[in-house]
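Quick notes on the structure that follows.
Each chain gets a letter, A, B and so on, in the order the sequences are listed, and its residues count up from 1.
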There are 2 protein chains.
Amino acid sequence: MLTDRQLLILRAIIDDYIQTAQPVGSRTLSKRDDLTFSSATIRNDMADLEDMGLIEKPHTSAGRIPSEIGYRYYVDHLVEKQIIDERETGRLEERLKQSSKESEILIRQAADLLSDLTNYTTVALGPNSQMETLARVDFMPLDERRGVVLIVTDQGHVEHRTVMFESRVAPDVIEETIRLLNDRLVGTSIGQLKVRIGEEVAKLQLAQRQQYENMMQLIQSTVGIQTPSSLYLGGKKKIFNQPEFQTLDTLRPFLEWIDEQERLTHWLESLPNREIYVSIGSENGIVALQNCSVITSDYTLDGKTFGTIAMIGPTRMDYRHGVQMMGQIIEALRRTKLDK
Amino acid sequence: MLTDRQLLILRAIIDDYIQTAQPVGSRTLSKRDDLTFSSATIRNDMADLEDMGLIEKPHTSAGRIPSEIGYRYYVDHLVEKQIIDERETGRLEERLKQSSKESEILIRQAADLLSDLTNYTTVALGPNSQMETLARVDFMPLDERRGVVLIVTDQGHVEHRTVMFESRVAPDVIEETIRLLNDRLVGTSIGQLKVRIGEEVAKLQLAQRQQYENMMQLIQSTVGIQTPSSLYLGGKKKIFNQPEFQTLDTLRPFLEWIDEQERLTHWLESLPNREIYVSIGSENGIVALQNCSVITSDYTLDGKTFGTIAMIGPTRMDYRHGVQMMGQIIEALRRTKLDK
DNA sequence: TATTAGCACTCATATTTAACGAGTGCTAAT
DNA sequence: ATTAGCACTCGTTAAATATGAGTGCTAATA
């Protein structure tokens with residue numbers, strides 16, 4: 001167990017290191033107003049903290065830096081649970097409102113805002129349309145051989161796909177196909193749509209099948225194309241300002257990783273958390289993010305579960321401020337009304 | 001005017017430097033099979049070439065490197081006009097075909113292909129929908145207060161926008177509005193659509209105006225949102241392998257610049273060229289691309305003018321190969337048929 | 001018993017110095 | 001006109017040295 005003084009020292013080391021990115025020495029600490037002990041005393045406590053694995057030294061004659069365990073302790077015990085600052089949240093909400101009431105734009109704006117607030121790179125993932133369900137299918141002919149299939153989801157999202165027929169299709173066949181699809185498929189999740197259409201085709205009577213099979217398979221094939229969840233990166237440049245990313249060895253893996261949209265999306269979708277969660281250094285298990293910490297949270301927009309937002313910075317990130325800002329942003333998003 | 005030998009030497013210097021990224025010395029050159037002169041002779045010619053501004057030395061005791069003027073001379077006089085290699089073009093065409101027949105995906109694929117072929121970063125810009133013209137407007141109600149506006153262009157592209165009414169609108173008013181818009185606006189370029197709708201509203205009779213103004217203004221406001229031309233970056237990572245981008249000073253401006261999608265789009269759209277064009281070093285006028293050269297070309301897909309594709313590498317890029325590959329790709333694209 | 005002053009020791013970093021060698025420009029010989 | 005020869009330049013590398021921040025330990029102090 002840690003003594004009060006050790007706690008004070010640990011906290012001071014981390015706070016200082018977060019600010020300066022430099023190993024912290026005992027003399028520097030003893031000069032702080034909140035540490036009234038001599039450097040020798042502090043050295044003794046530091047040795048203990050090091051034995052406990054909370055801090056470490058890069059080399060003999062350097063000061064100490066927090067270890068991952070140290071950061072973990074700091075985040076779990078020394079970062080107060082988020083207190084929503086009403087004034088600040090209101091201001092954020094205001095800024096979000098200004099931009100637009102379209103969800104896509106709102107999310108981008110939120111990511112940018114969070115990045116500006118913290119100076120870290122952010123990633124925002126929109127709703128995964130695979131999870132939404134079909135509210136309605138419709139068809140609009142363009143010319144003899146082409147038309148647009150419209151898919152409307154329960155969340156009010158609309159997708160369109162142009163389809164082309166092999167040969168001319170009678171209007172009433174089209175009409176009937178659409179009626180059929182609406183009758184039987186409303187409520188199906190978008191992700192399952194393809195499979196379900198296949199099932200419906202199988203169920204058709206022989207007579208019907210000749211008529212509708214072609215058309216339905218056509219729709220099936222276009223519907224099957226996954227619409228990837230919308231992903232937005234905020235403040236990618238911010239990484240260039242971080243002292244730990246001033247060499248190619250550290251910068252390159254990060255940039256290469258962050259640019260892989262697909263992998264990024266999967267990663268965000270795989271995160272199990274609902275509320276704000278902090279992953280420190282190697283905890284996240286991603287080699288390219290070894291020296292990074294991530295604050296993630298699911299967010300809701302207009303009351304509905306919507307997506308995931310993440311903040312990525314060096315392990316030496318300002319956890320207190322980061323958690324605070326993340327809380328403010330998701331609260332502001334929660335309060336924001338969408339029109340639809 | 002250059003003597004034959006000087007020409008030979010200039011070419012050798014540039015070829016060598018392009019490959020090694022190291023200043024080329026007279027002794028190295030004299031050992032080449034195609035240069036039979038002594039190093040002293042070569043030195044004399046090098047001095048002349050330097051006087052003419054075609055090559056320069058980083059410092060006294062280094063070899064020579066090409067100057068921008070040298071590269072320009074090389075590109076203009078020493079890079080043979082592209083000869084389409086039928087076999088190779090066929091192979092590229094094949095690979096393009098495989099991926100998809102959708103233009104969006106084809107363009108991505110082309111950018112990736114070109115990047116893999118050359119090991120440089122590529123940018124492909126899709127068609128600018130602002131230039132296409134309206135072929136048809138349609139409307140599909142979703143519920144009492146919402147509906148989807150469909151916009152079809154002459155090129156067969158479809159866009160949709162969800163609109164929301166302040167209050168319930170009678171179906172026949174909607175129908176009539178759409179008829180009106182179709183009657184009067186078909187053929188208008190998408191970019192002008194917003195202005196043109198405004199003009200039409202102004203022309204309405206007082207009686208009509210009450211009915212349609214709201215609806216038309218609603219459509220106007222949603223139509224006004226610019227759909228940016230689709231932009232695709234291929235092989236962004238490639239830059240990390242270039243020796244001239246191994247320091248943050250050079251890498252950072254490049255990456256920051258390339259990540260600004262909007263600026264990039266404008267830049268590509270502003271390029272006046274139709275056929276393959278090479279811009280060397282500072283010629284492009286972009287500070288962040290001081291040390292880069294760019295090979296750009298407009299391309300056609302399925303015979304129609306479509307967009308612009310660019311290849312960005314260090315000034316010391318393999319112009320011959322780059323121009324060659326660019327030629328192959330745009331030829332392959334030209335031959336690729338789209339279904340629509 | 002807990003704290004602090006004092007001091008020898010460690011080790012990354014910065015500075016200096018010297019050696020190296022690739023490449024040049026010039027001159028004189030071919 | 002070409003080439004061999006040679007003194008000279010200057011960036012790069014390596015070794016030698018100095019600097020100083022910070023530590024751990026011991027002994028003195030409250």
Side-chain angles (χ1 to χ4, degrees), chain A residues 1-10 12-14 16-17 19-67 70 243-244 246-247 249-250, chain B residues 1-10 12-14 16-17 19-32 34-67 70 243-244 246-247 249:
Chain A
M1 204 45 216
L2 293 180
T3 66
D4 284 354
R5 195 176 57 206
Q6 286 170 340
L7 215 62
L8 218 54
I9 290 173
L10 175 61
I13 290 173
I14 300 186
D16 199 281
Y17 184 67
Q19 257 216 309
T20 65
Q22 297 297 326
V24 199
S26 53
R27 227 179 91 76
T28 315
L29 286 176
S30 74
K31 274 186 287 192
R32 285 176 62 125
D33 290 345
D34 53 341
L35 280 287
T36 56
F37 328 102
S38 77
S39 65
T41 311
I42 293 175
R43 272 202 294 285
N44 289 331
D45 278 335
M46 280 166 107
D48 293 344
L49 289 171
E50 188 172 357
D51 286 342
M52 288 182 261
L54 293 165
I55 57 179
E56 52 198 21
K57 40 184 173 200
H59 59 264
T60 336
S61 69
R64 303 302 214 291
I65 62 174
S67 70
E244 29 271 280
Q246 296 300 310
T247 79
D249 297 340
T250 49
Chain B
M1 204 44 217
L2 292 180
T3 66
D4 284 354
R5 195 177 58 208
Q6 286 170 340
L7 216 61
L8 218 55
I9 290 173
L10 175 61
I13 290 173
I14 300 186
D16 200 282
Y17 184 67
Q19 257 214 309
T20 64
Q22 296 297 326
V24 196
S26 54
R27 225 178 93 76
T28 315
L29 286 176
S30 74
K31 275 186 288 191
R32 286 176 63 125
D34 54 341
L35 280 285
T36 56
F37 328 101
S38 78
S39 64
T41 311
I42 293 175
R43 273 203 291 285
N44 289 332
D45 277 334
M46 280 166 108
D48 292 345
L49 289 171
E50 188 172 357
D51 285 344
M52 288 182 262
L54 293 165
I55 58 178
E56 51 198 22
K57 39 183 176 201
H59 58 264
T60 334
S61 70
R64 304 301 214 290
I65 61 175
S67 69
E244 28 272 278
Q246 296 300 312
T247 78
D249 296 341

Per [X] side chain, nearest of listed nucleotides [options]:
{"X": "Thr41(A)", "options": "dC6(D), dT3(C), dG23(C)", "answer": "dT3(C)"}
{"X": "Ser38(A)", "options": "dT24(C), dA5(C), dA21(D)", "answer": "dA5(C)"}
{"X": "Ala40(A)", "options": "dA5(C), dA22(C), dT23(D)", "answer": "dA5(C)"}
{"X": "His59(B)", "options": "dT23(D), dG11(D), dT3(D)", "answer": "dG11(D)"}
{"X": "Arg5(A)", "options": "dA5(C), dT3(C), dC11(C)", "answer": "dT3(C)"}
{"X": "Met46(A)", "options": "dG23(C), dT23(D), dT4(C)", "answer": "dT23(D)"}
{"X": "Phe37(B)", "options": "dA5(C), dG22(D), dT3(D)", "answer": "dT3(D)"}

(request) Please determine if a side-chain N or O atom of Ser61(A) lies less than 4.0 Å away from the OP1 or OP2 oxygen of dC9(C). (result)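 Ser61(A) to dC9(C) OP1/OP2: no side-chain N or O under 4.0 Å.
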
(request) Taking only the side-chain nitrogens and oxygens of Lys57(B), find out if one of them lies under 4.0 Å from OP1 or OP2 of dG11(D). (result)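 Checking Lys57(B) against dG11(D): no side-chain N or O falls below 4.0 Å of OP1 or OP2.
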
What's [X] touching, base or sugar-phosphate or nothing? Going by heavy atoms closer than 4.0 Å.
{"X": "Ala62(B)", "answer": "sugar-phosphate"}
{"X": "Arg64(B)", "answer": "sugar-phosphate"}
{"X": "Thr60(B)", "answer": "sugar-phosphate"}

(request) Provide the closest heavy-atom pair for Pro66(A) versus Tyr17(A) in the form atom of the first, atom of the second, distance. (result) CD-CD2, 3.3 Å

(message) Determine whether a donor-acceptor pair (N or O, by modelled atom type, separation under 3.5 Å) exists between the side chain of Ser39(A) and the backbone of Ser26(A).
(response) no

(request) May I have the step-by-step check of salt bridge (charged side-chain N to carboxylate O under 4.0 Å, His left out) for Glu56(B) and Arg64(B), ending in yes or no? (result) CA-CA 5 Å; Glu56(B) 51 198 22; Arg64(B) 304 301 214 290; over 6 Å; no

(request) Go through the N and O atoms of the side chain of Arg43(A) and the base of dG6(C), and report whether any donor-acceptor pair is under 3.5 Å. (result)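 Answer is yes: a donor-acceptor pair is held.
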
